[in-house]
Amino acid sequence: MAEFLTDIKEIRARARQEIDKGPITSAYGADLPRVIQVCNEALATELVCVLRYKRHYYTATGIYAEPVAAEFLEHAGEEQEHADRLAQRIVQLGGEPDFNPETLTLRSHAEYDDSLDLVEMIKEDLVAERVAIASYTEIVQWLGDRDVTTRRVFEDLLAQEEEHADDLKGLLERLPAALGN
Ligand SMILES: [Fe+2]
Ligand SMILES: [Fe+2]
């Protein structure tokens with residue numbers, strides 16, 4: 001293991017170099033352009049998830065729609081918070097958050113869905129959550145200790161995507177078999 005740098009003079013001198021980089025110091029250990037790109041892919045994923053949950057919220061119908069739609073709306077709000085955290089981190093890293101709607105679905109890991117059937121909606125949302133869970137898990141492992149702050153953002157998102165997936169699984173289990181599920 002590398003020695004901890006205890007030479008405070010050296011740390012102070014380095015901190016004065018490249019101050020235009022803000023929080024990015026010479027101690028930053030990750031591939032910065034790649035980290036920004038990965039954050040932008042996750043941002044696209046979150047934005048597509050917001051749109052898919054909103055679509056599902058407004059089009060959910062049937063006698064069981066109400067509690068399911070309420071869950072869709074809650075998830076949409078949380079995916080929006082995830083998008084905001086990622087955009088904020090991208091800016092901290094000196095990058096530009098990409099909100100371009102033209103390329104959103106191309107850059108997103110998860111897919112949009114406009115099913116009209118309630119069970120189909122829930123299944124598509126569950127698949128999208130599982131895509132996010134798999135990709136965020138990989139990102140957390142890839143970042144390791146080279147960018148702890150970005151890793152923590154992804155860890156927080158990951159925990160909430162797991163909650164979302166669990167909520168959706170619960171909804172599927174509680175819907176009566178009569179729905180053709
Ligand atoms: Fe999310
Ligand atoms: Fe989610």
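Since the structure is predicted, the reported quantities are computational estimates derived from the model, not experimental observations. Atoms within a ligand are numbered from 1 in the order they appear, just like the ligands themselves.
- Counting non-hydrogen atoms of neighbouring residues, nucleotides and ligands closer than 6.0 angstrom, the CD1 atom of I19 reaches no more than 12 such neighbours.
- For a distance threshold of 2.8 Å, the protein N, O or S atoms nearer than that to the Fe ion (ligand 2), listed by chain and number, are E79 OE2, E129 OE1, E129 OE2, E161 OE1, H164 ND1.
- Looking at E46, its N, O or S atom nearest to the Fe ion (ligand 1) turns out to be OE1.
- Relative orientation of the Y53 and H164 rings is perpendicular, given thresholds of 30° and 60° on the angle between their planes.
- With sequence neighbours left out, R85 forms a salt bridge (Lys or Arg N to Asp or Glu O under 4.0 Å) with D156.
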Step by step, would you call H75 with D125 a side-chain contact (heavy atoms from CB on, under 4.5 Å)?
CA-CA 10 Å; H75 288 195; D125 290 330; over 6 Å; no
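- A salt bridge does not link D113 with R55: none of the charged nitrogens is closer than 4.0 Å to a carboxylate oxygen.
- The local environment of CZ in R130 is sparse, with at most 12 non-hydrogen atoms from other residues, nucleotides or ligands closer than 6.0 Å.
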